[in-house]
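Step one of this worksheet: look at the structure below.
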Protein chains: 2
Amino acid sequence: MSGVSDSCFINKLDHYLQLTEREKLDLLVLEESPQVYEAGTVLYAEDKDEADALYIVQSGRLHASTVLADGGRALLKLHFAGDIVGTSNIPFTTAISTVTVVREARLCRFPRSSLTTLFEVHPRLAALFYSVGMLENVSLTDRLRSIGRTDGLSRIGSLLLEITSRLRVTNKDFGNEVELHMTQADIGDAVGLTHVHVNRMLRELADQGLIERTGSTVTILDEDRLREVAHFTERYHRIETDWFPAAKE
Amino acid sequence: MSGVSDSCFINKLDHYLQLTEREKLDLLVLEESPQVYEAGTVLYAEDKDEADALYIVQSGRLHASTVLADGGRALLKLHFAGDIVGTSNIPFTTAISTVTVVREARLCRFPRSSLTTLFEVHPRLAALFYSVGMLENVSLTDRLRSIGRTDGLSRIGSLLLEITSRLRVTNKDFGNEVELHMTQADIGDAVGLTHVHVNRMLRELADQGLIERTGSTVTILDEDRLREVAHFTERYHRIETDWFPAAKE
DNA sequence: CGCGGGCTTGATGCCTTTCAACTTTAGTGG
DNA sequence: CCACTAAAGTTGAAAGGCATCAAGCCCGCG
């Protein structure tokens, strides 16, 4: 079993499903071995690079962004350990967003061509893949609601809670102290506010005793109350697997 | 071949891919026959109804919404002919949004259990399914950008263009006259504005000679200029199929 | 004909942006 | 170890976009 746990996918998918030996072995063959990318690296750029691979995040942090008409930038997705990066490029030939490494990351490249085999040989894994993709859609609709219909305080609270929630998926004994790895301008690009107002809202959250800040790490002091303020709805990070095809072998 | 074209799926998927006879026959067995739902019908309600089926839209209009903390409502998705409704429920047991029929619709129910067979027997269709899901993902990020970082005028322009763009997918010779089937309050819930401000922005668009309004139908007078105002990026409604597994038979 | 829902428009106020300057932090080289 | 610099964070003042409140209008419907 040693070495197997080095597979990005197995760690990821095993979280949702008990993989069979056959599934694990085949996944190992399909993915490339993990590689380290330093902070600042651009994995691929929108409207420019070919979108011919996915990347599974073993560790580190990345985000997907897009350039706006006014020269600004919007952060579309945050990627954590366990995430599959690049799925939205699947239907396209060219990348539709820019993905940047924010904190040194270990990634396994998974060429799109490997998907062919995956879908052909392992329908159960294909189903899991599909479900994970739909989970991401749900996460996007949650952000749509937050950004479209709530004020700055809620939006930022929401973001903080989303980040901690996502980190807890792969790190059960995660406390309430989060290193954001985002500047206040980044936060603004993520929730649709200027960095000036982000600053004020963070301060406001601190003044209300909901969080505490030291540098770019945030400690959530009163999570329950923060959830109320942010109207945050926790999504169960488990997947309905009843309908999945049987595993091969 | 008669009767076959009555299948919701075949019409939908054939748009992206030349389906084989075997694929068509199997799809027919898996989906239920189309049924008519009148405007106002709630297909399923969030946090309440079981999420055990997809619905393929043959004709009509639907939208997915969610209730906000303040009692308001947000429109998360608009569904047109050819769409697959309910995909974001796939990973869950309970519906995560409310889907309402806005204009009398013909829908084929596709039980989640049918997905099992689909993924097992037709990896190529599973791949197509996955791609369509990711297309929806992209549509959501486009809306995130629009709602998060642009003013009211752009947001509404964007919505108008998205609707016409979506309608053109299944109706090639679609003109520039759109029946929205949305009240101004609906529009507001979709783009994150109050109905009052929606009214003003629509008027502004009309004053600028970009659109013309009669009742709830909008005629786009200067599409090029509207695209500029809205910063609208048209997405190719075709799918990269190179990596798809071979069709069965 | 009366009613209700949707549309329209004005007035007021608040949330957020914009502009601008200053402070702090982190990183670099002497 | 400290001076220097650039990036990030902070804070104030003024302007603007959008919400809120409120009232009148229009149309389809019983």
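A, B, ... follow the sequence lines: proteins, then strands. Residue 1 opens every chain.
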In whole Å, I'd like the distance from the CZ atom of B/Arg213 to the P atom of C/dG6. 17 Å
Nearest whole Å is fine: how far is C/dG6 P from B/Leu180 CG? 15 Å
Using a cut-off of 4.0 Å on non-hydrogen atoms, how would the nucleic acid contact of B/Gly72 be classed: base, sugar-phosphate, or nothing? nothing
Distance in angstrom units between B/His197 NE2 and C/dT8 C1', rounded: 14 Å
Taking everything shown except A/Arg73 itself, do over 12 heavy atoms lie less than 6.0 Å from its CZ? yes
Output the rounded distance in Å from CG (A/Asp70) to P (C/dT18). 8 Å
Take the protein atom CE of A/Met201 and the nucleotide atom C1' of C/dC15, then report the distance between them rounded to whole Å. 8 Å
Can you tell me the distance, in whole Å, between the CD atom of B/Gln184 and the P atom of D/dC25? 18 Å
Go through D/dT11, D/dG9, C/dC7 for me and flag the one nearest to the B/Thr183 side chain. C/dC7
A/Gly188 near the nucleic acid: base, sugar-phosphate alone, or nothing, with a heavy-atom cut-off under 4.0 Å? nothing
Between B/Arg203 and C/dT9, is there a contact of a side-chain N or O with OP1 or OP2 at under 4.0 Å? yes
Answer with yes or no whether A/Arg200 presents, from its side chain, a donor or acceptor under 3.5 Å of a partner atom in the base of D/dG9. no
Calculate, to the nearest 0.5 Å, the distance between atoms CD1 and OG1 belonging to A/Ile220 and A/Thr164 respectively. 4.5 Å
Separation between CZ (B/Arg168) and CG (B/Asp173), nearest 0.5 Å, reads 11.0 Å
Is there a donor in the side chain of A/Glu179 and an acceptor in the side chain of A/Ser216, or the other way round, less than 3.5 Å apart? yes
Are A/Glu136 and A/Lys77 within salt-bridge range, i.e. N to O under 4.0 Å? yes
Would you kindly compare B/Thr194 and A/His195 by the position of their nearest DNA chain D nucleotide and give the one closer to the 5′ end? A/His195
Could you tell me the separation between the CG atom of A/Leu193 and the CD1 atom of A/Ile156, rounded to the nearest 0.5 Å? 5.5 Å
From the set C/dT17, D/dC21, D/dC18, return the single nucleotide nearest to any side-chain atom of B/Val196. D/dC21
Does D/dT10 have OP1 or OP2 under 4.0 Å away from a side-chain N or O of A/Asn199? yes
Selection: residues 142-156 of chain A, any non-hydrogen atom under 4.0 Å of DNA chain C: A/Asp151, A/Gly152
Here the distance between atom P of D/dA8 and atom CG of A/Leu202, to the nearest Å, is 15 Å
Give a yes-or-no answer on whether the side chains of B/Glu234 and B/Ser165 include a donor-acceptor pair shorter than 3.5 Å. yes
What's the CD-P distance between B/Glu204 and C/dT8, to the nearest Å? 14 Å
